[in-house]
**Q** 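This structure is in structure tokens; I'll ask about it shortly.
All of these numbers come straight from a predicted model, not from anything done at the bench.
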Amino acid sequence: MNEQSIQKQYNQIVSLLEDKRLKEALVQLDAFLYNSNDWTLRNRLEQIQTSYQYMLQYMKLGMKDPERHKLYRQLLADTWEIADQTRILLLDEISTHYYHSLRRNPNQLPKAYDLSAQQRILEGFSDEMAVSQLANYQGLDAILKRHEETHQVMFLTTWSNNNWTLEEFAQAEDMLRSETLPINDLCLFVSAVTLSLMECFDERKINWLLDGLRHTHPQINQRALVGLVITLHLYPTRITLYPELEARISLFREDPDFSKQVNRVYIQLLRSQETEKIDKKMREEIIPEMMRNVNIMRNMKFGFEETDENDRNPDWEQAFEQSGLGDKIREMNDLQLEGADVYMSTFAQLKGYPFFREPHNWFYPFDRMHSSIIHQVGLNQTSESSVLSIILQSGFFCNSDKYSFCFTIAQLPQGQRDMMLSQMTPQDQSDFMEEKNSASLKQYAERPDVISNQYIHDLYRFFKLSQRRNEFHNIFQEEIALHRNPVLKELLSAPELLVAVADFHFRKEHPAEALELYRILIDRKQANADIFQKTGFCLQKEKRYQEAVDAYLKADMLKPDHLWTLRHLATCYRQMKNFDAALEYYHRVETIQPENHNVLFYTASCLAEQKRYEDALQYFFKLDFLENNCMKAWRGIGWCSFVSGKHEQAMKYYDKLLASKPLATDYLNAGHVAWVLGNIEKAAGLYGKAMAESGSKDAFLEIFDRDRNSLLKQGIAAEEIPLMLDMIE
């Protein structure tokens, strides 16, 4: 068997279990397990088959069993676990993935020892460092090597352990309770547990993450929270087979703060899925705009100058805004403030350092005392390193980006390093180094929402950029819909939580996703006028105009005569070609905004569609009066004048269009007018230009044929049309 066939057979068994087709799943699992030599699993499967057979026989005989449903759920869970273990064992024999390679050859690790031994070594690190510091860091390299080697072993053995024993679970609980285990090491352990769960479901590891939620340190409880949310996303129906797990999670429903935290992580995960769009915007729009306007940036002063001699030239501000750079920078700031990953494009190319070849280093919190940093930056706390230290303590960069930043700075010659820092004025540096500012940066970095967001950025980078990224399940590439999750559905059911997720999708222009959530709120009678407006807008984006109208009408009932609602009702009716209704709403808007250019144009267009050309002309003339060089008004006047027989007036406005920036239809319509006026040569010439602008004769004939009836009504003989078409060159 190869990897593909193993995965295919496993997926078939899982599909049967999800559909509660246990008998068929057992038959397929028996065949799947035939390829494995694990007799323990085979014995477990035989016991399940026997138990299920007896259960069906008793049921057939009409015997009542109050424990039947509980037993059935247990048999499903056990069957699924055996399928998991079989899949992993079969892949262990042939897969080249690092996960299976570690399981196949555990001697790849420097030294194999259990969690308790690892914990003792890691707990002694702080004391060893204190002694080394007193001795002017004597023996530091050996201490760091032992510590980092241990947390590497801890990560890899935990990650590759697909099923904790009771003893291992107890040892993991001891690590969670330890008061001397370094927080960074425990953070790494949480990540190892999460990645292990992504490889294989394990009830004990999920229980451990639930315990981790109660840890007092936000770095731990937030990593545990993210890990739990990811696990519940991956195994939505699986958890329901474990009553104790389900009960533990349901207890959190009584804690509204926990629901808000889960919802916040949900939105942060969704926001990370926008990273590629942001990355593209940064590379193609914002950064090139900055590069084009580098002289403006250089002239702008961002210090705290007080004297008149140092004040900024207002021309620079004007140039800054006119260049469009101001809008780009504000857009980037807005994205950063909402927690978007704006640094991916900057740091994506800086993950090639040796440090990132090891999977565990992507998840280790930034530590100035990591050997990789010490070897690159050193231990001396110079003014430069103090400034860098404050930057690196802030919550603006995720951990892996902080490592990249340090490695990159270390590669620069001293002169370039000095030049980077010289971009900050002395006043900037002084202000930046003030205790209150450095303290506020640190406080920001310690906020739970910042910690979880930056950790998700670390995960995103690992799944996107690591050398072994193709070996991992990248959740950021799939739909994340936790509000549908059977376990989290009730937890996230509060209206304000659903609105937060729906509004996120709405802002990011995901109409289908937003609509689903707004519909849930409407069905639960939790909708207000704003929600009906947004529902209508999503439906309008999906071109479901009648449904959009229904939503807008409800919004209009709750918030009467709201300008936005009236305009969108008019638009939907116009798209549905219900011009009477569209005009009703355009007229209502007109009473509020009598000089709204768009409303005037679309009112005229609806009148023209109803062949009320004189009325339409009044609106087009008004628009032309209000707006200089309004080409869309000229087009409307030209066409309405033509079809209503005012040919000289029509030609006047088409001449104005042809002198500006004409479209293919402008040449076409001008040709119509010239022909009706008897200027056949001019008409043929204009048709020729229309054909050239159309790109092909077929395209030209298609738009020409739409106007054939209008030409006939203006007195052009049907027999002359093919002759005119043959004149066109």
Side-chain angles (χ1 to χ4, degrees), residues 222 226 264-294 296-297 300 302 320 323-352 356 362 365-366 388 390-409 420 423-424 428 432 440-466 469 474-477 480 500 503-510:
Q222 291 306 301
V226 173
R264 180 238 302 158
V265 170
Y266 180 15
I267 292 172
Q268 288 172 341
L269 289 168
L270 293 172
R271 190 183 294 125
S272 284
Q273 293 185 314
E274 297 288 300
T275 301
E276 283 194 25
K277 292 181 186 176
I278 296 170
D279 186 34
K280 184 178 180 183
K281 182 180 283 288
M282 293 289 290
R283 285 186 287 104
E284 296 181 2
E285 297 179 31
I286 296 176
I287 293 174
E289 193 68 43
M290 288 181 173
M291 297 303 293
R292 281 194 294 271
N293 294 280
V294 67
I296 297 175
M297 295 291 289
M300 296 291 289
F302 298 99
F320 183 70
S323 69
L325 184 57
D327 290 337
K328 296 296 182 188
I329 290 178
R330 278 189 289 274
E331 184 179 3
M332 185 175 72
N333 286 339
D334 289 343
L335 286 168
Q336 185 173 357
L337 286 172
E338 77 170 27
D341 192 349
V342 298
Y343 295 114
M344 178 70 178
S345 58
T346 304
F347 288 99
Q349 306 304 316
L350 303 177
K351 303 299 181 187
F356 294 110
W362 291 80
F366 181 77
L388 290 177
I390 293 174
I391 294 172
L392 295 168
Q393 285 178 29
S394 73
F396 299 121
F397 302 143
C398 65
N399 292 290
S400 76
D401 285 356
K402 290 177 182 178
Y403 282 111
S404 294
F405 183 70
C406 272
F407 298 148
T408 304
I409 289 289
M420 281 184 64
Q423 300 301 312
M424 299 173 71
D428 287 331
F432 192 65
S440 64
L441 284 172
K442 191 174 181 183
Q443 287 170 2
Y444 174 78
E446 291 173 351
R447 279 169 35 181
D449 61 317
V450 174
I451 291 170
S452 62
N453 200 43
Q454 297 301 346
Y455 179 50
I456 288 170
H457 291 179
D458 280 323
L459 288 165
Y460 185 90
R461 280 152 179 68
F462 178 72
F463 293 130
K464 182 75 176 177
L465 302 173
S466 68
R469 58 188 175 275
N474 186 353
I475 65 162
F476 298 103
Q477 292 179 338
I480 300 175
D503 284 351
F504 170 83
H505 282 302
F506 186 82
R507 289 193 306 273
K508 299 303 177 184
E509 299 181 2
H510 308 153

**Q** Under the rule for salt bridge (charged side-chain N to carboxylate O under 4.0 Å, His left out), what residues qualify as partners of K280, not counting sequence neighbours?
**A**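 With sequence neighbours excluded, K280 shows a salt bridge (charged side-chain N to carboxylate O under 4.0 Å, His left out) to no residue whatsoever.
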
**Q** Are any of the side-chain heavy atoms of V265 and I456 separated by less than 4.5 Å?
**A**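 Side chain of V265 against side chain of I456, heavy atoms only: contact under 4.5 Å found.
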
**Q** Who passes salt bridge (charged side-chain N to carboxylate O under 4.0 Å, His left out) against E276, sequence neighbours left out?
**A**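 Per chain and number, E276 pairs via salt bridge (charged side-chain N to carboxylate O under 4.0 Å, His left out) with K464.
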
**Q** Is it the case that the side chain of N453 and the backbone of G339 share a donor-acceptor pair, with hydrogens and angles ignored and the cut-off at 3.5 Å?
**A**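 Judged by distance alone, yes, a pair lies under 3.5 Å.
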
**Q** Determine whether F366 and C406 satisfy the following criterion, side chain to side chain contact (heavy atoms under 4.5 Å, CB included), listing intermediate values before the conclusion.
**A** CA-CA 10 Å; F366 181 77; C406 272; 3.7 Å; yes

**Q** Distance check, rounded to the nearest 0.5 Å: S272 atom OG versus F476 atom CZ?
**A**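 Here the interatomic distance stands at 5.0 Å.
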
**Q** Within the supplied structure, the quantity of interest is the number of heavy atoms (other residues, nucleotides, ligands) at a distance under 6.0 Å from E338 CD; does it exceed 12?
**A**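 Above 12, so yes.
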
**Q** Return the NZ to CZ distance between K402 and F397, rounded to the nearest 0.5 Å.
**A**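 Rounded to the nearest 0.5 Å, the NZ-CZ separation comes out at 9.0 Å.
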
**Q** Side-chain polar contacts of residues 342-352 - donor-acceptor pairs under 3.5 angstrom, sequence neighbours left out - could you list them?
**A**
residue, atom, partner, partner atom, Å
Y343, OH, Q336, NE2, 3.1
K351, NZ, S400, O, 3.0
K351, NZ, S400, OG, 3.0
K351, NZ, D401, OD1, 2.8
K351, NZ, S404, OG, 3.0

**Q** One pair to check against side chain to side chain contact (heavy atoms under 4.5 Å, CB included): L270 and I480. What are the steps and the verdict?
**A** CA-CA 7 Å; L270 293 172; I480 300 175; 4.1 Å; yes

**Q** Is the shortest distance from a Lys or Arg side-chain nitrogen in E274 or K277 to a carboxylate oxygen in the other one below 4.0 Å?
**A**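 Yes, this pair counts.
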
**Q** Quick one: list whatever passes side chain to side chain donor-acceptor pair (under 3.5 Å) with Y403, sequence neighbours left out.
**A**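 Checked Y403 against side chain to side chain donor-acceptor pair (under 3.5 Å); zero matches.
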
**Q** Among all residues two or more places apart in sequence or in another chain, which pass the side chain to side chain donor-acceptor pair (under 3.5 Å) test with R264?
**A**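 Once residues adjacent in sequence are excluded, the partners of R264 under the side chain to side chain donor-acceptor pair (under 3.5 Å) criterion are Q222, S452.
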
**Q** Just by distance, do the side chain of R461 and the backbone of D458 share a donor-acceptor pair under 3.5 Å?
**A**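 Flag not set: sc R461 to bb D458 has no pair under 3.5 Å.
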
**Q** Using the ring of each side chain (for Trp, its six-membered ring), is F356 parallel, tilted or perpendicular to F407, with breaks at 30° and 60°?
**A**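 Answer is perpendicular, since the angle exceeds 60°.
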
**Q** May I have the step-by-step check of side chain to side chain contact (heavy atoms under 4.5 Å, CB included) for N399 and W362, ending in yes or no?
**A** CA-CA 8 Å; N399 292 290; W362 291 80; over 6 Å; no

**Q** Taking side chain as C-beta onward, heavy atoms only, is R271 less than 4.5 Å from F504?
**A**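 Sidechains of F504 and R271: in contact.
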
**Q** Output the distance between atom CG (D503) and atom NZ (K508), rounded to the nearest 0.5 Å.
**A**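 Between atom CG of D503 and atom NZ of K508 there are 12.5 Å.
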
**Q** Please enumerate all residues that pass side chain to side chain donor-acceptor pair (under 3.5 Å) together with Q273, with sequence neighbours excluded.
**A**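 Per chain and number, Q273 pairs via side chain to side chain donor-acceptor pair (under 3.5 Å) with no residue.
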
**Q** Over all heavy atoms of both residues, which pair between A445 and G395 is shortest? Give the atoms and the distance, please.
**A**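 Scanning both residues completely, I find the closest heavy atoms to be CB-N, 3.5 Å.
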
